[in-house]
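Structure record follows, encoded as structure tokens.
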Amino acid sequence: MSSPAKPAVKTYQNYINGQWVPAANGETFPVYDPSTEEVIAHVASSSAADVDKAAKAARAAFDSGAWPATTAQDRGRILFKIAGKIRQNLPMLAELECRNTGKPIVEAEYDIGDVATCFEYYGGLANKVTGNVMPVPANALSFTLREPVGVAGQIIPWNYPLLMAAWKLAPAIAAGCTCVLKPAEQTPLTAMEFASWLEEAGVPPGVVNIVNGAGEISGAALVAHPQVDKIAFTGSAAVGKLIVKSAADTLKRVTLELGGKSPNIFFADADWEAAVDGALFGVFINQGEVCSAGSRVLVEKKIYPKFVEAMTEKAKRIKLGPPLERDTKMGPLVSKEQYDRVSTYLEVGKKEAKTAIGGGRPKTFEKGYYVEPTIFYDVDNSARIAREEIFGPVASVIPFEHEADAIRIANDTPYGLAGAVWTRDIYKAFRIVKSMRAGIIWVNHMQPTYVEAPWGGYKQSGFGRELGPWGLEEYLETKQVFVNLDETPIGWY
Ligand code: NAI
Ligand code: MG
């Protein structure tokens with residue numbers, strides 16, 4: 001195995017009001033490469049004092065200064081400049097994302113390309129925000145103005161670090177909001193590199209602030225801050241619930257994208273090769289650290305034994321390896337914490353179901369948080385491995401009798417982020433599409449995600465939508481304006 005030259009271990013400060021500033025307490029925390037378990041950077045470890053500074057800078061930039069004076073066209077141009085910087089630095093960002101998350105380099109390159117596309121999309125959308133004129137029954141002009149929500153607090157996870165930042169920052173900037181972003185403590189590095197180009201792209205000081213630190217400290221302080229108008233969060237359902245409770249004190253608007261336990265449904269009439277591939281891709285891409293992972297594989301009984309066997313045979317070929325190697329299809333999990341969490345589920349799964357493949361740590365690696373692609377079968381939908389989000393390369397295969405059975409099992413979950421169905425019968429496909437209680441449905445595929453289309457969940461997968469015009473809506477207020485055109489007095493008194 002090649003070992004590429006190691007980059008220098010950098011220290012990143014917070015980015016507040018256009019300045020690089022250390023945490024008020026002077027503390028930093030280490031950031032790791034999960035494939036080597038080595039420290040690759042140090043990052044400011046913020047407390048409530050730092051969050052307060054960032055929130056105040058964002059507030060001031062929203063209320064006065066250069067930002068309120070920008071036109072939608074100006075903001076669109078800024079977003080295109082940011083996208084240009086991302087494309088120009090794509091190899092560096094992809095490598096950094098790869099080192100920090102452990103995801104395969106080819107996937108990291110794809111993600112960073114998507115980051116640029118997201119900024120371009122909202123750059124184009126910035127000046128297409130329009131209001132309405134309403135036909136009120138009065139001699140009056142009734143219309144709406146769309147205005148930015150204000151200061152947005154944005155808390156993101158570690159599985160798609162810069163992409164999750166883009167999904168939140170790009171629409172916020174397009175809308176004219178100002179932002180305080182709190183990256184995941186495991187993976188803050190690409191966001192900090194990104195911050196270094198904001199000034200050059202024309203983002204005035206205070207419009208985008210990035211504060212690093214532990215979720216329970218700096219994340220919680222951001223949610224509680226009285227000068228923050230809105231929280232956009234992607235992460236665990238447990239933290240989503242804490243955020244809703246804390247945000248109630250200041251009645252913040254909240255949008256939540258919390259994971260799922262998404263069903264990937266296979267009927268006997270599906271294209272066999274595509275289906276087997278789709279079952280694996282659905283749950284093993286990005287090491288299974290995907291909110292929309294097809295972690296419940298529902299298979300029609302007629303093909304069930306053969307399908308489990310085919311999945312297992314193909315899974316043997318998945319190449320685990322150092323994330324920077326181009327033929328690697330699966331890297332390590334992001335952190336020791338996530339490795340331990342997934343390992344616990346592997347032990348639970350071995351008791352609850354049968355193991356077709358995997359179930360532990362591959363023997364080939366001395367270091368790194370690697371987990372074998374694991375397929376559990378004969379899983380009952382009431383099992384913990386069918387109900388709880390594992391967020392690792394673990395598939396729970398569940399047999400079903402017929403269509404109604406598939407729908408019942410698919411919807412028998414507290415979550416509702418995504419689902420997929422594989423069949424050649426379009427009538428059946430559409431019946432499933434309409435009956436699944438989830439925000440994203442794929443037919444004969446699983447996982448493709450495009451900035452043009454809405455992303456978000458039903459049920460306990462959260463509320464609000466990201467991407468497309470829906471993502472921009474979440475950063476806009478609606479102001480109703482009534483202009484009286486009748487010159488006669490009201491004459492009421
Ligand atoms: P987490 O939900 O704790 O962390 C996500 C973000 O929230 C991070 O930026 C973290 O610093 C922040 N955070 C944590 N506690 C907070 C609090 N009290 N107030 C405000 N912000 C807070 O996720 P974690 O612990 O990394 O992973 C746990 C599980 O969450 C995973 O196993 C997976 O099931 C799920 N998850 C889901 C994601 C998704 O895309 N929906 C992404 C990451 C994790
Ligand atoms: Mg956590």
Side-chain angles (χ1 to χ4, degrees), residues 29 31 34 43 45-48 51 101 103 111 153-165 167-168 180-188 191 210-225 228 231-249 252 254-262 283 285-293 295 333-346 348 369 371 384-385 387-394 414-418 439-440 447 449 455-457 459-464 466:
F29 62 86
V31 175
V43 174
S45 179
S46 310
S47 61
V51 171
T101 59
K103 70 172 70 201
D111 293 354
Q154 305 171 317
I155 302 174
I156 57 170
W158 41 258
N159 52 344
Y160 291 91
L162 196 57
L163 191 59
M164 292 299 102
W167 283 21
K168 291 179 171 51
V180 179
L181 177 80
K182 211 295 283 172
E185 47 272 55
Q186 298 83 353
T187 58
I210 308 185
V211 178
N212 288 290
E216 314 77 68
I217 299 168
S218 45
L222 187 56
V223 178
H225 202 285
V228 173
I231 293 290
F233 171 75
T234 301
S236 63
V239 172
K241 287 172 193 177
L242 291 176
I243 286 178
V244 171
K245 284 181 192 152
S246 165
D249 290 336
K252 282 184 182 62
V254 176
T255 52
L256 301 173
E257 202 270 77
L258 317 169
K261 198 72 198 177
S262 298
V283 64
I285 192 80
N286 205 47
Q287 298 78 238
E289 296 165 320
V290 180
C291 51
S292 56
S295 51
L333 299 183
V334 71
S335 64
K336 171 83 169 45
E337 187 189 5
Q338 196 59 18
Y339 174 85
D340 290 343
R341 193 180 283 146
V342 172
S343 301
T344 304
Y345 277 111
L346 293 177
V348 171
Y369 307 122
V371 170
R384 282 185 65 195
I385 57 165
R387 300 207 81 76
E388 298 172 21
E389 186 174 52
I390 298 175
F391 231 66
V394 185
Y415 290 110
L417 184 60
I440 303 148
Q447 300 311 352
T449 303
W455 185 269
K459 296 157 73 177
Q460 290 193 28
S461 291
F463 38 79
E466 296 189 287

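Indexing begins at 1, ligand by ligand and atom by atom, following the structure's order.
Geometric assessment of Lys103 against the ring of Tyr160 yields a positive cation-pi assignment under the 6.0 Å and 45° thresholds.
Here CG of Leu258 is found 8.5 Å from CD of Gln460. Values are rounded to the nearest 0.5 Å.
Between the Lys261 side chain and the Ile385 main chain, a donor and an acceptor come within less than 3.5 Å of each other. Between the side chain of Asn212 and the backbone N or O of Ser45, no donor-acceptor pair lies under 3.5 Å.
Near ligand 1, heavy-atom contacts under 4.0 Å come from Ile155, Ile156, Pro157, Trp158, Asn159, Lys182, Pro183, Ala184, Glu185, Gln186, Gly215, Glu216, Gly219, Ala220, Phe233, Thr234, Gly235, Ser236, Val239, Leu242, Glu257, Leu258, Gly259, Cys291, Gln338, Arg341, Glu389, Phe391.
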Please test Glu388 against Tyr345 for side chain to side chain donor-acceptor pair (under 3.5 Å), starting from the C-alpha separation and ending with a verdict. CA-CA 9 Å; Glu388 298 172 21; Tyr345 277 111; 2.6 Å; yes
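In this model, no donor atom of one side chain and acceptor atom of the other lie less than 3.5 Å apart for Ser461 and Glu257.
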